[in-house]
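Working notes, structure below.
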Amino acid sequence: MTPEQLSTAIVGVLAALTDDGAVTLPDGVPTTVTVERPRQKGHGDYATNVALQLAKKAGTNPRDFAGLVAERLREVDGIGAVDIAGPGFLNITVEAGAQGEVAADVVAAGEAYGASNTFAGEKINLEFVSANPTGPIHIGGVRWAAVGDALGRIFEKTGATVSREYYFNDHGAQIDRFSSSLLARAHGRPTPEDGYGGQYVDDLARAVIGQRPDVLGLPDEEAREVFREVGVEMMFDEIKQSLHDFGVDFDVYFHEDELHRSGAVEKAVERLTELGNTYEKDGALWLRTQKFGDDKDRVIIKSDGQGSYLSGDLAYYLDKRNRGFDRCFIMLGADHHGYVARLMAMCSAFGDEPHVNLEILIGQMVNLLRAGKPLRMSKRAGTVVRIDDLVEAIGVDAARYALARYTSDSTIDLDLDLWAKRSSDNPVFYVQYAHARVASILRNAADLGLAPESHPELLTHEKEGELLRALAEFPRVVAAAAQLREPHRVARYLEATAASYHRFYDNCRVLPMGDEEPSDLHRARLLLVAATRIVLANGLDLLGVSAPERM
RNA sequence: GCCCCCGUAGCUCAGCUGGAUAGAGCAGCGGACUUCUAAUCCGCGGGUCACAGGUUCGAGUCCUGUCGGGGGCACCA
């Protein structure tokens with residue numbers, strides 16, 4: 001019996017009580033009720049607070065209401081005991097047989113276990129990273145690479161169709177500065193005042209020369225164009241490669257420049273003008289963002305006739321909507337949070353619903369520590385930590401796990417020494433080790449010719465019960481992670497489930513010892529182990545972290 | 001000045017969107033391997049949930065304010 005089934009059963013009881021006139025619920029019977037795993041041992045396998053929630057509406061007190069529910073709930077198949085506790089909680093114990101079914105259910109579902117239809121039919125657009133192609137991806141962009149991709153996997157698991165998109169800001173002044181910097185360094189001249197510094201600029205300049213040896217002989221104006229085209233293209237490739245090595249591949253790499261050249265920007269601006277949300281002032285065209293909650297109105301066409309940065313975003317947003325995405329996510333670093341209000345206003349200006357059609361997720365900063373001391377970074381000095389540096393220091397699995405393990409709302413301090421450790425201090429190894437241990441048992445069982453079998457009623461050990469309940473929790477955790485846009489819930493869940501497995505392993509012998517004759521209990525436990533493997537592997541996969549067979 | 005995020009055990013953080021006696025890991029101390037991976041498990045200690053009000057049967061969680069830390073407030077991208 002899973003929490004969902006229990007919830008359904010309780011709803012059934014409530015419906016029966018209303019039908020009989022035993023209780024009256026003015027707002028009707030709820031479609032789902034909260035079923036949680038009590039923190040406290042002795043409070044049953046599951047607990048619900050329905051009585052506390054509904055008693056007032058039913059015109060009675062919580063304990064009486066709980067009594068009515070308990071009486072009927074005890075009759076339900078698979079329910080072992082129902083106790084009323086405290087102010088009116090219902091503590092429910094599930095029969096071993098009903099609980100043990102979970103192992104077979106998980107194994108039957110296999111890779112699909114954890115899936116749901118929470119977001120079935122939804123087309124979700126995820127825009128993240130989108131670092132400028134003026135340098136390698138550094139630590140600022142890497143958080144969303146890990147979390148955004150994980151969120152995509154989670155949405156897919158809950159039934160959505162997901163497009164991962166990277167928006168290349170390859171239009172405007174900073175690309176000019178970038179190409180000027182390349183040109184300067186190619187000639188051995190100092191980096192321009194507002195240019196880009198660092199070793200990678202020199203390397204890239206040389207690479208461009210390697211591909212276009214004639215470039216040094218060209219006049220500066222023409223040479224700059226070559227550096228712009230070839231240099232930016234090379235930077236694109238490097239960024240894509242870094243992300244690919246990080247396990248993140250985007251479905252769409254969208255170029256801002258394209259929006260300006262294709263007339264998409266003009267069309268988007270026309271649309272907003274038709275809707276009465278633009279006006280001219282000081283030779284520029286403004287969007288009435290203040291009307292929709294922004295601090296002030298924003299320029300979309302500058303007085304020099306060029307589109308502002310926002311104009312590209314307008315056109316891109318419209319493009320996504322026209323491609324059928326009803327939910328567009330943009331994931332930004334905390335240093336861009338000031339941009340949220342105008343993007344939301346833009347969404348409203350198009351007649352869309354902010355926070356529904358457009359959601360903006362803000363990820364706080366990531367600080368790297370080594371030996372407990374912050375790594376000082378300077379973009380100017382070129383001492384930024386790049387995504388590749390992070391991978392080199394701690395590996396892809398640890399990097400992705402470490403970044404996805406915390407809520408995006410808080411800044412994180414990642415201690416590189418800790419995450420590089422191959423020991424239990426390191427949460428990713430704790431979870432992966434559990435998976436390796438599971439895999440080892442399954443290998444040994446295969447060698448013994450022992451096959452798993454379903455004997456749910458035999459899984460009566462306390463640690464078996466805890467593990468079964470943990471496994472049953474997985475679909476709810478995935479759904480909650482999707483609904484709250486919080487992938488870290490999956491990581492935390494995996495750590496708890498790994499702990500539950502380790503405890504089971506310590507208390508319950510799975511394989512026959514020595515010459516011992518295999519029993520149904522061995523086979524039943526083996527099925528539980530197989531189910532655990534599926535949950536750990538599926539969960540790690542949602543985070544883009546590998547599930548090793550051996551460690 | 002205005003806006004966003006954070007403040008929970010010595011440290012790093014959870015807390016299932018208002019529930020029961022606030023939980024993990026690390027660090028400290030003490031235990032457990034002749035047989036499935038000890039990269040594990042078990043036990044002990046450790047708290048004014050920053051502070052002050054408010055909302056209600058009930059607040060770490062919601063509201064207001066204060067303090068502290070971080071990040072922002074362009075016809076730059």
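Chain A is the first sequence line, chain B the second, and so forth, proteins listed ahead of strands; every chain is numbered from 1.
In this structure, A:His337 packs face-to-face on the six-membered ring of B:rC4, meeting both the 5.5 Å centre cutoff and the 30° plane limit. Centre separation under 5.5 Å together with a plane angle under 30° holds for the ring of A:Tyr505 and the six-membered base ring of B:rC36, marking them as stacked. By the stacking rule of 5.5 Å between ring centres and under 30° between planes, A:Phe89 stacks on the base of B:rA20.
Nearest nucleotide to the side chain of A:Ala436, out of B:rU37, B:rG70, B:rA14: B:rU37. Relative to the side chain of A:Met551, the nucleotides B:rC42, B:rA39, B:rG71 differ in distance, and B:rA39 lies closest. For A:Asp413, the side-chain atoms get nearest to B:rC13 when compared with the rest of B:rC16, B:rC13, B:rA38. The listed nucleotides are B:rC75, B:rA14, B:rC16; the one nearest the side chain of A:Val299 is B:rC75. Of the candidate nucleotides B:rC13, B:rC75, B:rU35, B:rC13 has the atom lying nearest to any side-chain atom of A:Arg492. Closest to the A:Lys302 side chain, of the nucleotides B:rU37, B:rC75, B:rC16, is B:rC75. When distances are taken from the side chain of A:Gln53 to each of B:rC36, B:rG19, B:rU40, the shortest belongs to B:rG19.
Across B:rG46 and B:rG10, the matching C1' atoms stand 9 Å from one another, rounded to whole Å. Spacing between B:rC67 and B:rC29 at atom C1', rounded to whole Å, works out to 37 Å.
Ring-plane geometry between A:Tyr200 and A:Phe178 is classed as parallel, the angle between the planes falling under 30 degrees on a 0 to 90 degree scale with a further cut at 60. Taking the six-membered ring for Trp and thresholds of 30 and 60 degrees, A:Phe236 and A:Phe168 have ring planes inclined between 30 and 60 degrees apart.
Rounding to whole angstrom units, OH of residue A:Tyr501 and P of B:rA38 are separated by 10 Å.
Base engagement by A:His43 is indicated by at least one non-hydrogen atom pair under 4.0 Å involving a base atom. At the heavy-atom level, A:Lys56 lies under 4.0 Å from the strands shown only through sugar-phosphate atoms.
The side-chain tip of A:Arg437 points at the ring of A:Tyr505 from less than 6.0 angstrom away and within 45° of straight on. A cation-pi contact, defined as under 6.0 Å to the ring centre and within 45° of the axis, is absent between A:Arg342 and A:Phe292.
A pairwise comparison of heavy atoms in A:Tyr316 and A:Glu127 identifies CE2-OE1, 3.3 Å as the closest pair.
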